[in-house]
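Since we're looking at a predicted model, the values are computed, not measured. Quick note on labels: first sequence line is chain A, next is B, and so on, each numbered from 1.
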Protein chains: 2
Amino acid sequence: MNELEGLSPDVAARLTKARERVIDSIGKNMDLYGITQSVGRMYGYMYFHNGPVTLDSLSASMGMSKTSMSNGVRTLLDLKMIDKVWSKGSRKDQYEVVPDWYANFSDFFSIRWRKAVEANMSAMSRSLREIRELMAEAGAEDERLQSLLKSDEAKINEAMKYYRWLLRLIEALETGKIFELVPKEEE
Amino acid sequence: MNELEGLSPDVAARLTKARERVIDSIGKNMDLYGITQSVGRMYGYMYFHNGPVTLDSLSASMGMSKTSMSNGVRTLLDLKMIDKVWSKGSRKDQYEVVPDWYANFSDFFSIRWRKAVEANMSAMSRSLREIRELMAEAGAEDERLQSLLKSDEAKINEAMKYYRWLLRLIEALETGKIFELVPKEEE
DNA sequence: TCGTTTATAAATTATTTTCTGTACGTTCTT
DNA sequence: AAGAACGTACAGAAAATAATTTATAAACGA
């Protein structure tokens with residue numbers, strides 16, 4: 001809060017309160033990104049801080065241990081929501097937010113969804129193959145088994161179709177094609 | 001597993017294994033929907049089960065308490081991933097999956113995202129108003145304060161722009177307009 | 001090279017979430 | 001009306017997750 005130094009106490013308090021409200025809300029809703037509330041608040045704090053922050057300054061303003069800050073910073077780095085920046089003269093690592101929320105959004109969901117889709121498609125492909133083997137081995141005379149297999153096959157095919165759609169959606173996010181359908185605002 | 005009754009043990013085992021692989025994968029990846037792995041497995045089981053299931057049958061096949069099944073069923077109902085169906089002759093409640101995964105997807109993310117966006121926009125609007133009050137009160141002579149307020153204002157405006165974009169994306173999901181950009185496969 | 005400062009790893013503690021067993025209210029059957 | 005079957009609320013046990021403290025490693029300056 002160094003930058004509020006020297007303001008009238010009333011003004012400083014009111015600005016802090018205004019910021020705090022937003023930081024709090026961001027913190028609460030960051031669970032969309034699978035992030036803990038305290039890491040979310042940390043991000044909110046960094047968002048409003050002008051210029052990069054250090055682990056120590058984070059620790060001080062969050063009232064939490066430096067180790068926790070170290071962990072939190074790592075998760076935000078992994079999500080590409082913040083960057084480590086180099087700053088002359090300081091031995092401490094410095095961090096600041098990546099302000100492109102559109103990219104944050106796309107990156108996060110692309111990665112998560114893709115991971116899930118790929119895992120499920122892989123399992124389903126494997127099982128589909130086995131089910132078809134069973135169909136071939138069984139022969140047409142075993143009607144009950146054949147219809148059972150047929151129904152499983154159909155379910156998997158249906159799911160695969162959906163996953164292929166989701167992959168296309170992910171691609172639209174990754175390539176930015178999504179902005180053709182849902183454009184950003186004009187400047 | 002009643003429906004596998006009467007099959008050769010070898011065939012039954014192989015089919016079970018094929019299903020189990022998929023159920024397992026679904027269960028593991030259901031955390032995208034904020035769902036516990038065991039509830040995810042429950043869903044997977046229901047997905048492959050032909051016809052509706054009861055709490056008792058779920059309990060038996062999952063090897064978990066009936067209370068857990070009751071809770072799990074409720075969360076899946078809330079997410080509209082399963083429906084309670086009526087079935088003549090049985091006093092037990094019966095459930096089956098809603099097979100429209102596109103709708104599941106849209107519903108879930110629309111609701112989640114909308115909730116977060118609305119909360120954050122509301123907090124930001126309030127704070128933006130207060131910041132503008134401060135700007136007006138301060139007068140132009142206090143340059144340092146004005147530039148501080150200006151920078152906060154800009155950050156909030158930037159965020160709001162992003163949220164309006166996200167709202168439009170949510171709308172595209174809700175109305176199905178998303179399928180214009182990313183169409184489902186032809187039949 | 002040695003002492004300092006910074007960042008992270010490992011172990012511990014605290015908190016939250018998930019699961020189970022019991023108990024209770026409701027609905028159906030007789 | 002009594003008894004049985006069913007679903008769920010509740011409280012506590014078990015498991016998983018988050019945060020802290022302590023200890024170690026890496027980077028830097030003298």
Side-chain angles (χ1 to χ4, degrees), chain A residues 23-24 26-46 49 51-79 81-96 112, chain B residues 23-24 26-46 49 51-79 81-96 112:
Chain A
I23 292 174
D24 208 64
I26 290 178
K28 279 201 184 94
N29 293 107
M30 275 283 219
D31 59 344
L32 286 186
Y33 290 92
I35 274 178
T36 242
Q37 178 156 342
S38 40
V39 179
R41 285 187 57 81
M42 193 171 134
Y43 178 85
Y45 171 75
M46 292 174 76
H49 190 90
V53 302
T54 66
L55 291 184
D56 285 314
S57 72
L58 279 177
S59 176
S61 44
M62 301 277 305
M64 287 176 72
S65 75
K66 198 172 169 183
T67 304
S68 290
M69 297 306 101
S70 178
N71 283 327
V73 158
R74 181 172 36 205
T75 71
L76 291 174
L77 282 172
D78 288 348
L79 292 169
M81 288 179 166
I82 63 174
D83 270 345
K84 186 188 279 199
V85 297
W86 185 86
S87 162
K88 171 172 146 184
S90 171
R91 279 171 62 182
K92 308 190 189 200
D93 294 351
Q94 317 249 127
Y95 305 93
E96 68 183 12
R112 292 278 276 221
Chain B
I23 291 174
D24 208 62
I26 289 178
K28 279 201 185 94
N29 293 106
M30 275 282 216
D31 57 345
L32 285 186
Y33 289 92
I35 274 178
T36 251
Q37 178 157 342
S38 41
V39 178
R41 285 187 58 83
M42 193 170 135
Y43 178 85
Y45 171 75
M46 291 173 77
H49 190 91
V53 302
T54 67
L55 291 184
D56 285 314
S57 73
L58 279 176
S59 177
S61 43
M62 302 275 305
M64 288 176 73
S65 73
K66 200 173 170 181
T67 303
S68 290
M69 298 304 101
S70 177
N71 284 326
V73 158
R74 180 170 40 201
T75 72
L76 290 174
L77 283 172
D78 287 348
L79 292 169
M81 287 179 167
I82 62 173
D83 271 342
K84 187 188 275 199
V85 297
W86 186 85
S87 162
K88 171 172 147 184
S90 170
R91 276 174 63 185
K92 308 191 187 200
D93 294 350
Q94 317 253 124
Y95 304 93
E96 68 184 10
R112 291 279 276 223

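Atom CG in B:D93 sits roughly 11 Å away from atom C1' in D:dT8 (whole-Å rounding). Taking atom CG of A:D31 as the reference point, atom C1' of C:dT17 lies 15 Å away to the nearest angstrom. Atoms CG (A:L58) and P (C:dT8) sit 12 Å apart, rounded to a whole Å. Rounded to whole Å, the distance from CE on B:M69 to P on C:dG21 is 12 Å. Atom P of nucleotide C:dT17 and atom CD1 of B:I35 are separated by 16 Å, given to the nearest angstrom. When the P atom of C:dG21 is taken as reference, atom CG of B:L55 falls 16 Å away, rounded to whole Å. Distance, A:D56 CG to C:dT5 P: 12 Å, rounded to whole Å.
Between A:I26 atom CD1 and A:I35 atom CD1 the span is 11.5 Å, to the nearest 0.5 Å. Atom CE of A:M62 and atom OG of A:S57 lie 11.0 Å apart (nearest 0.5 Å).
Taking the C1' atoms of five terminal pairs at each end of the helix from C:dT1-D:dA30 to C:dT30-D:dA1, the two resulting helix axes are inclined by 10°, rounded to 10°.
Residues A:Y95 and A:V85 come closest through the heavy atom pair N-CG2, 4.3 Å. Between B:Y43 and B:I82 the shortest heavy-atom distance is CD1-CG2, 4.2 Å.
Between B:K66 and D:dC6 there is no side-chain polar atom (N or O) within less than 4.0 angstrom of OP1 or OP2.
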Show me the protein contacts with nucleotides 13-19 of chain D, counting only N or O atoms at under 3.5 Å.
{"unit_1": "D:dA19", "atom_1": "OP1", "unit_2": "A:S38", "atom_2": "OG", "d": "2.6"}

Listed pairs, N/O of protein and of nucleotides 23-27 of chain C, under 3.5 Å:
{"unit_1": "C:dT27", "atom_1": "O2", "unit_2": "B:R91", "atom_2": "NH2", "d": "3.4"}

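A donor-acceptor pair is defined here as one N or O able to donate and one able to accept, closer than 3.5 Å; no such pair exists between the side chain of B:T54 and the backbone of B:Q94.
Put simply, the side chain of B:V39 does not reach to within 4.5 Å of the side chain of B:M30, judged on heavy atoms.
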Might you work through the side chain to side chain contact (heavy atoms under 4.5 Å, CB included) test for A:V53 and A:Y45, ending with a clear yes or no?
CA-CA 10 Å; A:V53 302; A:Y45 171 75; 4.2 Å; yes
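When the side-chain contact (heavy atoms from CB on, under 4.5 Å) test is applied to B:L32, the partners found at least two apart in sequence or on another chain are A:R112, A:W113, A:A116.
Within 3.5 Å, no donor on the side chain of B:T67 pairs with an acceptor on the base of D:dG7, nor the reverse.
Evaluation of the side chain to side chain donor-acceptor pair (under 3.5 Å) test over residues 31-42 of chain B, restricted to residues two or more places apart or in two chains, returns B:E20-B:R41, B:D24-B:R41.
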Please table the atom pairs, donor to acceptor, closer than 3.5 Å between any side-chain atom in residues 68-77 of chain B and protein atoms at least two apart or in another chain.
{"unit_1": "B:S68", "atom_1": "OG", "unit_2": "B:S65", "atom_2": "OG", "d": "3.1"}
{"unit_1": "B:N71", "atom_1": "OD1", "unit_2": "B:R74", "atom_2": "NH2", "d": "2.9"}
{"unit_1": "B:T75", "atom_1": "OG1", "unit_2": "B:G72", "atom_2": "O", "d": "3.0"}

